[in-house]
Amino acid sequence: MVRFENVGMRYGMGPEILRDVSFHLEPGSLHFLTGPSGAGKTSLLKLMFLAHKPSRGLISMFGHDVATTSRADLPGLRRRIGVVFQEFRLLEHLTTYENVALPLKVTGRNEAEYRDDVEELLTWVGLGDRMQARPSTLSGGEQQRAAIARAVVGRPALLLADEPTGNVDPEMGQRLLRLFIELNRLGTSVLIATHDRALVDASRAPELIIQNGELTYRD
Amino acid sequence: MTDADTSDKASPRPASNWISLIVGRTPRSGIMPPADVTGATLVLVVAAMSYLACLAFGAMVTVTRSANDWTAQLEGSLTIQVKPHAEIATEDQISAALAVLDEVEGIERASALSEADIRALLDPWLGETTESEDLPLPSLIDVELSSDANVDMSRLAERLAAAAPGIELDTHRQWLGELLSAARSAVWLSIGILSLITLTTVAIVVFATRASLAANHESVEVLHLVGAPDEFVANEVQRHFLQLGLRGGASGLAAAVLTFLAITWLGSEGGAFLLPVPGLMLSDYPWLLLVPAIVALTTTLAARMTVLRVLGRMI
């Protein structure tokens with residue numbers, strides 16, 4: 001599903017942030033991505049959700065070589081990836097419902113087709129009574145759940161979560177982990193970037209460890 | 001289900017229509033922020049551009065129609081000037097001229113103007129002249145040509161000059177030529193102004209679109225990352241700018257219509273302008289609707305092309 005081979009990445013003319021990164025994620029797998037701050041976790045995720053191009057190496061997403069995929073085909077690949085951003089990135093001028101429905105709206109589908117699904121999902125993540133609220137009026141945990149709902153609403157094949165428990169208490173962190181595990185059981189491949197050792201230890205899933213831009217694998 | 005549950009349900013998408021575009025009510029389903037720092041300024045600038053474009057367009061229509069009217073009026077007529085001469089009485093000069101004209105084929109009517117008619121012609125330029133009986137005035141013969149007349153003007157001028165001294169043929173051609181040349185210059189000037197306004201509007205919209213994209217960078221990037229095709233983002237942005245363009249265009253049109261109505265009213269009152277200003281006719285006003293339509297279209301296309309170019313630089 002996701003294959004990185006000797007991938008290197010740098011910002012502009014700066015130093016290489018990622019060096020010779022190679023790994024492979026199977027369909028339906030659950031992995032953690034760990035490492036100290038500044039090690040390159042977010043940069044690696046940026047490559048995976050196609051927000052950045054590698055400076056060298058091969059990245060294959062869903063069987064497509066990213067370097068040779070035409071620009072017109074990239075939105076289709078992105079729609080197969082759900083992303084929970086570290087800083088949520090909910091759009092302030094839209095309601096919680098509109099934010100969560102965004103990945104479906106951009107496909108050009110009629111709202112009547114997906115409205116029930118979005119409302120059901122929001123209820124499932126505990127935001128059924130906050131659908132018309134603006135993100136600024138939501139608590140950190142509510143924003144986190146809205147961001148997760150937006151990431152999974154399109155039933156992505158791959159879910160990438162950047163520090164998804166960074167803004168919630170340990171109890172909510174465990175609840176969110178159960179949500180990711182449930183999604184994984186339903187067939188979604190999940191990669192969670194986190195500092196939270198308790199979260200990693202609780203799931204006992206394989207770990208991709210990134211340190212000084214280099215990646216190692218721990219089962 | 002509680003009342004709160006019901007009230008929190010997502011409301012159905014309101015139908016967007018052209019009225020909502022003009023009055024500025026953004027459909028709730030719009031993904032781009034409904035207004036930003038560039039919005040109000042851009043509406044004002046587009047309104048000013050539309051106003052100037054309407055004035056230039058109106059001036060072009062007025063000048064073209066006036067030139068056509070003058071041409072139609074003057075091409076079918078001649079004037080023969082009979083200057084007082086010491087050797088011959090004015091009445092004899094007029095009789096000799098009329099005799100010549102009577103023999104020329106293609107002349108529908110020829111009649112000498114009375115002294116009162118001549119003074120009436122001079123009144124707008126010299127003021128009341130009825131009291132100045134001492135002022136020597138040439139006599140005039142007004143000649144009307146038939147529509148299919150093919151009169152040799154040089155030959156006619158020679159015959160009139162030979163018939164009696166002091167008779168001159170005025171075909172109005174020199175005056176008409178200068179007038180039409182001035183009218184053509186005015187039309188080209190209007191076209192030049194319209195072109196300049198269009199280019200300026202495009203430049204302003206490109207700048208405003210870039211500013212808007214910079215201000216809404218977060219929205220654009222999130223749309224991009226959730227898999228929105230460039231076309232989708234461009235459609236969202238261009239809808240926003242179409243709305244601004246229509247609002248600005250309609251405001252400019254309204255101000256221009258008021259200006260033209262004021263010009264027409266002042267022109268009809270007389271004395272407000274040195275030359276008679278006909279203003280726009282009722283049938284001309286619908287053409288002015290083209291201006292806000294073109295301005296809105298230009299605004300929309302410029303915004304769309306700018307967005308696509310900016311998005312094209314993203315991976």
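In what follows, every chain begins at residue 1, and chains take the letters A, B, ... in the order their sequences are listed. Note that the structure is predicted; figures quoted are calculated from it, not measured.
Looking only at side-chain heavy atoms (C-beta outward), B:E218 and A:E92 stay at 4.5 Å or farther from each other. Within the 4.5 Å cutoff, side-chain heavy atoms of A:R79 are placed close to those of B:P229. Annotation: side chain of B:L225 is not in contact with side chain of A:V83 (no heavy-atom distance under 4.5 Å). Here the side chains of A:K105 and B:L223 are not in contact, with every heavy-atom distance at 4.5 Å or above.
Separation of atoms NE2 (A:H93) and CG (B:N216) is listed at 7.0 Å; rounding is to 0.5 Å. Going from atom NE2 of B:H224 over to atom CZ of A:F49 covers 10.5 Å, rounded to the nearest 0.5 Å. A distance of 11.0 Å separates CD of B:E221 from CG of A:L91, quoted to the nearest 0.5 Å.
Here the closest non-hydrogen pair linking A:P75 and B:G227 is CB-O, 3.5 Å.
Surrounding CZ of A:R19 are more than 12 heavy atoms belonging to other residues, nucleotides or ligands, all under 6.0 Å away. The number of heavy atoms from other shown groups lying within 6.0 Å of CE (A:M1) is above 12. Shown here is A:W124, whose CH2 atom has more than 12 heavy atoms of other residues, nucleotides or ligands within 6.0 Å. Annotation: A:L186, atom CG; neighbour count of heavy atoms from other residues, nucleotides and ligands within 6.0 Å is above 12. Environment of CD in A:E120: sparse, with no more than 12 heavy atoms of neighbouring residues, nucleotides or ligands closer than 6.0 Å.
Just one residue in the list A:V106, A:N99, A:I81 forms a side-chain contact (heavy atoms from CB on, under 4.5 Å) with B:V226, and that residue is A:V106.
In this structure, chain A has no heavy atom under 4.5 Å from any part of B:N235. Neither the backbone nor the side chain of A:R80 comes within less than 4.5 Å of any heavy atom of chain B. Only the side chain of A:R71 comes within contact range of chain B, with heavy atoms under 4.5 Å apart.
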